[in-house]
Amino acid sequence: YFVDNERFARSAAAAAPQRDALRARWSIPADRACFVYAGKLEPKKRLPDLLEALRLATARGAALHLLVVGTGELMDEARAFAQQHALPVTFAGFLNQSEIASAYVAGDALVLPSDWGETWGLVVNEAMACARPAIVSDRVGCGPDLVVPGVTGECFAFGDTVQLAAVLAACAADRDKLRRMGEAARA
């Protein structure tokens, strides 16, 4: 399981000067940590878990935003949940391989809450090549190989939305740590 790390790194470097414009394009406030979900909106990816964690974290005052990249069968459900709870979420839709680095650049970290069906999780490779850390469930296949807690990202217990909310809030409160973890992830 691999991606063209150098191509993603080059794309991220090219997009970096437009970070503020990218965030504005997706209505991401400058003062908020932005977490990116990238993937199909299907049950095994567990986007509803992430949305519930976002609800819990923002209810406790965490300054964060979620950028959802992708489409799929759970789109209507996800949009309805976000609207019902007035969550800080932007749905970017599908972005192809030439565009996805822009989403990682706009964000501060990737979140992948998947179940065992996520045998690897190439979006983690992509995000790390773009100097973004990854927050993954303990069932994401690449977690043991790529995510060193506190160094290249964070891990949480699958399905534990309370723990994920705490991880999101802690990361949002220390964006410098997110940047350092992103640099370590890229390395």
Side-chain angles (χ1 to χ4, degrees), residues 22-97 99-127 130 132-143 147 153-172 178:
L22 290 167
R23 287 175 71 97
R25 170 183 166 192
W26 286 311
S27 303
I28 303 165
D31 64 340
R32 302 219 176 186
C34 178
F35 298 93
V36 178
Y37 168 92
K40 291 180 183 176
L41 278 61
E42 60 185 358
K44 77 176 184 179
K45 303 281 188 176
R46 306 294 290 207
L47 178 60
D49 288 358
L50 177 53
L51 292 171
E52 173 60 14
L54 179 69
R55 186 189 71 75
L56 294 171
T58 57
R60 294 183 187 128
L64 48 90
H65 192 91
L66 176 63
L67 177 62
V68 176
V69 178
T71 60
E73 65 189 272
L74 297 179
M75 178 64 85
D76 291 341
E77 176 186 329
R79 285 183 188 268
F81 187 88
Q83 184 176 8
Q84 176 185 359
H85 297 285
L87 297 178
V89 179
T90 301
F91 292 91
F94 174 78
L95 298 178
N96 67 34
Q97 289 294 303
E99 302 170 302
I100 190 69
S102 295
Y104 297 132
V105 167
D108 295 294
L110 172 79
V111 181
L112 188 59
S114 301
D115 65 22
W116 290 120
E118 193 72 66
T119 56
W120 185 258
L122 286 173
V123 293
V124 174
N125 297 68
E126 294 172 359
C130 294
R132 296 303 182 263
I135 300 167
V136 301
S137 85
D138 59 4
R139 292 190 180 175
V140 171
C142 70
V147 180
E154 298 292 350
C155 293
F156 65 94
F158 167 76
D160 189 340
T161 58
V162 172
Q163 184 185 20
L164 178 54
V167 169
L168 295 175
C171 287
L178 283 174

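Between Ala92 and Val69, the closest heavy-atom pair is CB-CG2, 4.2 Å. Listed here is the closest heavy atom pair of Ala33 and Asp108: CA-OD2, 3.3 Å. When all heavy atoms are compared, the tightest approach of Gly121 to Cys142 is O-SG, 3.9 Å. Taking all atoms of both residues into account, the shortest heavy-atom contact from Ala109 to Leu178 is CB-CD2, 4.0 Å. Listed here is the closest heavy atom pair of Arg23 and Ala106: NH1-O, 2.8 Å. Nearest heavy atom pair, residue Ala157 against residue Gln163, reads N-OE1, 2.7 Å.
Residue Arg60 holds its CZ atom at 8.5 Å from CZ of Arg55, rounded to the nearest 0.5 Å. In this structure, the separation between CD1 on Ile100 and CZ on Phe94 is 8.5 Å, given to the nearest 0.5 Å. Here the CG atom belonging to Leu64 is positioned 12.0 Å from the CD1 atom belonging to Ile28, to the nearest 0.5 angstrom. With rounding to the nearest 0.5 Å, the separation of OH in Tyr37 from CG in Leu54 is 14.0 Å.
No side-chain heavy atom of Trp26 sits less than 4.5 Å from a side-chain heavy atom of Cys34. In this structure, the side chains of Val123 and Tyr104 come closer than 4.5 Å at one or more pairs of heavy atoms. You'll find the side chain of Leu95 stays beyond 4.5 Å of the side chain of Ser102, heavy atoms only. For the pair Arg132/Val105, a side-chain contact is recorded, criterion being any heavy-atom separation below 4.5 Å from C-beta on. Leu168 has its side chain within reach of Val111: a pair of non-hydrogen atoms, C-beta onward, lies under 4.5 Å apart. For the pair Glu118/Arg46, no side-chain contact is recorded, criterion being any heavy-atom separation below 4.5 Å from C-beta on.
The side-chain contact (heavy atoms from CB on, under 4.5 Å) search around Ser137 returns Arg139, Val140, Phe156, Phe158, not counting sequence neighbours. The ring-ring contact (aromatic ring centres under 6.0 Å, His included) test applied to Phe81 returns His85, not counting sequence neighbours. For Lys44, the side-chain contact (heavy atoms from CB on, under 4.5 Å) test picks out Glu42, Asp115, with sequence neighbours left out.
Between the side chain of Glu52 and the main chain of Thr161, no donor-acceptor pair closer than 3.5 Å is present. Counting only distance, with no hydrogens or angles, the side chain of Gln83 and the backbone of Ala80 share no donor-acceptor pair below 3.5 Å.
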**OP:** Could you please spell out the steps behind the side chain to side chain contact (heavy atoms under 4.5 Å, CB included) verdict for Val68 and Leu41?
**Re:** CA-CA 9 Å; Val68 176; Leu41 278 61; 4.1 Å; yes

Subject >> Steps toward side chain to side chain contact (heavy atoms under 4.5 Å, CB included) verdict (Leu51, Leu66) >> reply: CA-CA 9 Å; Leu51 292 171; Leu66 176 63; 3.7 Å; yes

